[in-house]
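Chain A is the first sequence line, chain B the second, and so forth, proteins listed ahead of strands; every chain is numbered from 1.
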Number of protein chains: 2
Amino acid sequence: MKKNTRNTKAKAEILKFINSSTRAVSHLDIQKSLGEFCDRVTIYRVLERLTEEKSIHRIVNVDGVINYASCSSCAAHHTHNHVHFSCINCKELSCLENNEITLTLPEGYQFKEAFLTVSGVCKECVDRSLV
Amino acid sequence: MKKNTRNTKAKAEILKFINSSTRAVSHLDIQKSLGEFCDRVTIYRVLERLTEEKSIHRIVNVDGVINYASCSSCAAHHTHNHVHFSCINCKELSCLENNEITLTLPEGYQFKEAFLTVSGVCKECVDRSLV
DNA sequence: ACAATATCGCAACAATGTTGCATTAAATGA
DNA sequence: TCATTTAATGCAACATTGTTGCGATATTGT
Ligand SMILES: [Zn+2]
Ligand SMILES: [Zn+2]
Ligand SMILES: [Zn+2]
Ligand SMILES: [Zn+2]
């Protein structure tokens with residue numbers, strides 16, 4: 001028996017925030033944005049549900065902080081093996097599309113998923129520092 | 001004026017543990033291994049120092065847990081851009097040598113470092129499950 | 001509308017990481 | 001060797017982040 005999920009205000013609001021953001025957001029980002037809208041714990045649980053439903057995907061940043069991003073752009077390739085970019089200046093974490101990677105594992109290893117994050121300076125920050 | 005670091009028992013013991021391990025280890029792994037040898041806080045501070053001194057390097061696992069591994073094998077290429085492997089079964093996290101990756105960033109972006117971790121099943125676990 | 005139950009809020013807890021400060025112990029040179 | 005300097009430690013207290021249990025609430029299929 002499958003358990004059916006419900007469309008609640010918290011879920012809608014959180015998904016809207018994630019979808020409207022150009023970068024991946026953390027639990028803390030969401031909490032700050034929503035304010036007193038809902039409880040801290042609810043955010044954790046909604047994020048878990050949204051991830052299970054594949055409405056969003058989780059990205060572990062280079063510092064270990066878990067972030068979430070919309071899956072709208074991923075819908076096409078159906079995988080989350082694409083590259084993520086983490087700006088060391090503004091801390092932006094975003095998805096880089098059209099960046100496939102190929103690699104070979106040692107003999108006997110089974111591949112499941114690739115997590116690739118590149119750190120550096122994003123275009124905005126580069127432009128700002130040149131001005 | 002540079003601040004000189006000292007060779008203490010805690011530092012020696014922690015580095016020995018990391019170097020003698022075939023996989024990357026977490027703060028918790030070290031704590032369990034050392035027992036009452038030194039304080040929890042000391043481990044945090046030693047890991048920070050060892051990382052600064054580039055005796056070890058940090059690897060963020062796919063679940064966000066920070067691990068540490070020896071840099072002995074990295075000494076040759078002087079970068080930590082190599083691929084890491086995370087076993088979904090035994091949780092092993094290790095460095096994969098001889099696995100260079102090339103990728104292109106969008107126009108205007110500056111590259112600094114690449115963090116690539118592949119999840120899957122390690123050889124040991126594959127063999128075990130086939131028996 | 002109503003019953004079933006997924007979800008929520010709250011409180012309490014657990015895990016992980018940080019900070020301040022008095023004490024200890026490396027490293028250095030006399 | 002011994003005294004001096006100060007990096008490093010231990011401990012306590014705190015901060016942050018994530019989890020769990022449970023009674024109350026709200027969504028959804030009928
Ligand atoms: Zn930036
Ligand atoms: Zn992505
Ligand atoms: Zn394994
Ligand atoms: Zn490595």
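Atom CG in A:Asn7 sits about 12 Å away from atom C1' in C:dA6, given to the nearest Å. Between A:Lys9 atom NZ and D:dT25 atom P the separation is 14 Å, expressed in whole Å. Atom pair A:Leu34:CG and C:dC8:P shows a separation of 12 Å (rounding to whole Å applied). Between the CZ atom of B:Arg49 and the C1' atom of D:dT9 there is a distance of 9 Å, given to the nearest Å. Here D:dT27 presents its P atom at 16 Å from CZ of A:Arg45, a figure rounded to the nearest Å. Distance CD (B:Glu48) to P (D:dT9): 12 Å, rounded to an integer number of Å. Computed from coordinates, the B:Leu50 CG to D:dA7 P distance equals 17 Å when rounded to whole Å. A:Leu28 has its CG atom 16 Å from the P atom of D:dA15, to the nearest Å.
Using a 4.0 Å heavy-atom criterion, one finds that A:Val46 contacts the sugar-phosphate atoms exclusively.
Considering only side-chain atoms of A:Asn4, the nucleotide from D:dG29, D:dT9, C:dA25 that sits closest is D:dG29. The side chain of A:Thr42 has C:dG9 as its nearest neighbour among C:dG9, C:dT18, D:dT19. In the set D:dT28, D:dG10, D:dG18, D:dT28 carries the atom at the smallest distance from any side-chain atom of A:Arg6. Nearest nucleotide to the side chain of B:Asp39, out of C:dA12, C:dA4, D:dG10: D:dG10.
Distances shorter than 4.0 Å separate none of the side-chain N or O atoms of B:Thr8 from OP1 or OP2 on D:dA7.
Within the 3.5 Å criterion, the main-chain N or O of A:Lys16 finds a donor-acceptor partner in the side chain of A:Ser20.
Remark: the B:Arg40 side chain and the D:dG10 base include no donor-acceptor N/O pair separated by less than 3.5 Å.
Between A:Leu34 and A:Ile14, the shortest heavy-atom distance links the atoms CD1-CG1, 3.6 Å.
Between A:Tyr109 and B:Phe85, the ring-plane angle classifies as perpendicular under the 30° and 60° cut-offs.
Residues A:Val60 and B:Asp63 fail the side-chain proximity criterion, which asks for heavy atoms closer than 4.5 Å.
Checked against side-chain hydrogen bond (donor to acceptor under 3.5 Å, both in side chains), A:Glu124 has no partners two or more places apart in sequence or in another chain.
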